[in-house]
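Notes to accompany the following structure.
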Amino acid sequence: MGIKGLTKLIGDNAPRAIKQQDAKALFGRKVAIDASMCIYQLLVAVRMGADNLTNEDGMVTSHLNGLFYRTIRLIELGIKPIFVFDGKPPSMKGGELAKRAEAKKAAEEAAKKAEEDGNLELAEKFARRVNRITPEMMAACKTLVRAMGVPAVEAPCEAEAQCAELVKHGLAYATVSEDMDSLTFGTNKLVRQLWSGVSASAQKKGHTPTEFSLDVLLEDLDLKMHEFVDLCILCGCDYVDGIKGVGVVKALSLMREHKDLAKAVEALKRLDRYEVPDPYPVDALREMFFKPEITAAKDVSLKWGKPDEAAIKKLMVEDNQFDETKIANGIKRLLLARKTSNQVRVDSFFKPKSAPNAGALAAKRKAAALAAKSKGKKRRSPGLSKGKIMKKGKLGNK
DNA sequence: ACTCTGACTCAAGACGAT
DNA sequence: GTAATTGAGTCAGAGT
DNA sequence: ATCGTCC
């Protein structure tokens, strides 16, 4: 998972590195999208009651629905998406990954046992708990985006790292993900919450696409890249636990003081107040970020082509029972969008119609944060009078 | 007093009809 | 009766 | 704008 509190740290110490802006700002740009994150979001959110949408074989299709419309919207906005898919999980993922695996294994075993007992219903329920993106789902997503004329890149390992590689070599302008780890992998631009600015329905949820700039961030935090990576490791990442009592702020001051993860860790060990994870393989940890397993940019070819109408229909309508007219409409939009976005690109003095107030927004937000900080306790006492008291829904018994 | 961490809680997509 | 992951926001309290 | 449906 990302580094906890890193966003706030950047907001407080390097606000120039954060820009809130309309999705239109990405017009004409290529963006490398962390497909797994995108798919996972859709899986979690798109449900009918307790269940995901499924095709007639019971295979989940929630992600396809979302992916289809999101891709159309991006093209309509003149953004060129590249979907980057995860490969194998990295060898070194420690605690977190193991924990997740345990939980899933437990569910799987329960399912198996129930099946042996002949309780098929129960077996099914447990099976459903194993909420994971299957290879089949990944494959369907790749088929879909490719049929839509959008490139799908298969990363050998982590998509984040592959996205960063594409950005570093100019094959994409930014990485699109929610995970701040992208910056640690060295992507110069990271766009979060892009989807909030892409679909009309999401727009007013208070979220705005937000662009992080690594170069500005390093400059304003006064860190070299390797020091920033050290900082992230020190805070705890996917590959090693954090150190109890050390959060982003302390980690930053440690890095400023020692300029080196190994030295910072040594310093912490000397104070016996801290429990440093026992194997703390500094070099191996750094390598996870500096030499991740990726396909070199020069070996990646990206092509944005014409949508393959028949292929889209086969996947969505025939294989997954999506409504034919809806899909046909989507394809129409897609074809139209390609045409217009090409036109617009030629007359590039087309005016963006809504004034981007992003800067003002950010400033406002910052001001509010500062105000809250300085006032602090003042608002505490009267504040609770608001009608905000909600009944906790937990009616324990029935 | 103030700063920081960590435990807790919350919500999560996109569309179109009304 | 039905899940489970993630980041953001809040709050209490440990540590300085 | 809100809400129910999408598969």
Side-chain angles (χ1 to χ4, degrees), chain A residues 1-9 11-12 36-73 96-97 99-100 103-104 106-107 110-111 121-122 124-133 177-181 192-193 195-196 198-207 210 235-236 238 242-253 271 273-274 316-317 319-327 329-330 333 369 372-374 376-377 379-380 383-384 388 390 392-394 397-398:
Chain A
M1 62 175 44
I3 294 92
K4 213 177 7 171
L6 183 58
T7 309
K8 194 166 168 298
L9 184 84
D12 291 344
S36 304
M37 172 133 322
C38 175
I39 294 166
Y40 199 86
Q41 283 180 340
L42 292 165
L43 280 182
V44 169
V46 183
R47 342 183 125 257
M48 264 301 265
D51 300 317
N52 283 109
L53 307 183
T54 58
N55 65 15
E56 63 192 5
D57 299 326
M59 309 295 285
V60 175
T61 56
S62 294
H63 53 303
L64 292 175
N65 191 42
L67 203 54
F68 182 64
Y69 286 112
R70 283 182 171 186
T71 303
I72 292 170
R73 287 294 295 146
E96 285 303 315
L97 204 60
K99 234 182 277 174
R100 271 183 242 170
K104 286 185 179 174
E121 270 185 37
L122 196 62
E124 261 185 53
K125 282 177 185 170
F126 275 113
R128 248 186 276 131
R129 277 191 208 180
V130 187
N131 194 10
R132 63 175 175 226
I133 301 176
S177 173
E178 302 314 310
D179 198 337
M180 298 296 283
D181 277 357
R192 302 175 86 190
Q193 293 166 181
W195 311 114
S196 308
V198 160
S199 74
S201 59
Q203 225 136 18
K204 60 161 58 164
K205 299 232 171 122
H207 290 150
T210 307
C235 292
D238 280 349
I243 297 162
K244 193 165 178 180
V246 178
V248 278
V249 179
K250 195 157 286 179
L252 178 60
S253 65
L271 305 165
R273 165 159 32 96
Y274 294 102
M316 299 299 276
V317 180
D319 296 348
N320 290 292
Q321 293 81 53
F322 279 76
D323 183 81
E324 187 171 359
T325 61
K326 285 183 186 171
I327 297 304
N329 273 333
R333 276 171 65 188
K373 204 173 178 180
S374 64
K377 52 197 162 177
R379 40 172 36 173
R380 185 96 315 162
L384 294 181
K388 282 236 167 140
M390 331 198 60
K392 267 358 233 312
K394 297 275 175 174
N397 41 8
K398 34 192 55 184

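Each chain gets a letter, A, B and so on, in the order its sequence line appears, and its residues count up from 1. All values below were derived from every heavy atom in this structure, side-chain atoms included, with hydrogens, water molecules and symmetry-related copies excluded.
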Between the protein and nucleotides 12-16 of chain B, are there any N/O to N/O pairs under 3.5 Å, and if so, what are the atom names and distances?
| from | atom 1 | to | atom 2 | distance (Å) |
| --- | --- | --- | --- | --- |
| B:dG13 | O3' | A:Arg70 | NH2 | 3.1 |
| B:dG13 | N2 | A:Asn65 | ND2 | 2.8 |
| B:dA14 | OP1 | A:Arg70 | NE | 2.6 |
| B:dA14 | OP1 | A:Arg70 | NH2 | 3.3 |
| B:dA14 | OP2 | A:Ser199 | OG | 3.2 |

Pairwise P distance, B:dA12 and D:dG4 [rounded to whole Å]:
15 Å

Value in whole Å for how far the C1' atom of B:dC4 lies from CG of A:Leu6:
16 Å

For A:Asp12 and B:dC2, what is the distance between atoms CG and P respectively, to the nearest whole Å?
17 Å

OP1 or OP2 of C:dA8 under 4.0 Å from side-chain N/O of A:Thr7:
yes

Just call it for A:Met48: base, sugar-phosphate, or nothing, with non-hydrogen atoms closer than 4.0 Å on any strand.
base

Is there a side-chain contact between A:Arg192 and the phosphate of C:dA8, meaning an N or O under 4.0 Å from OP1 or OP2?
yes

Sugar-phosphate only, base, or nothing, as touched by A:Val248 at under 4.0 Å among non-hydrogen atoms:
sugar-phosphate

Quote, to the nearest angstrom, the C1' distance that separates C:dA4 from B:dC15.
26 Å

With rounding to whole Å, what would you report as the distance between B:dA14 and C:dT5 at their P atoms?
22 Å

Whole-Å distance between D:dC7 P and A:Asp51 CG?
15 Å

Base, sugar-phosphate, or nothing for A:Lys8, non-hydrogen atoms under 4.0 angstrom?
nothing

Without decimals, in angstroms, what is the distance between A:Lys4 NZ and B:dT9 P?
15 Å

From NE2 of A:His207 over to C1' of B:dC10, roughly how many Å is that when rounded to an integer?
11 Å

Non-hydrogen side-chain atoms of A:Asn65 and A:Leu42 separated by less than 4.5 Å:
no

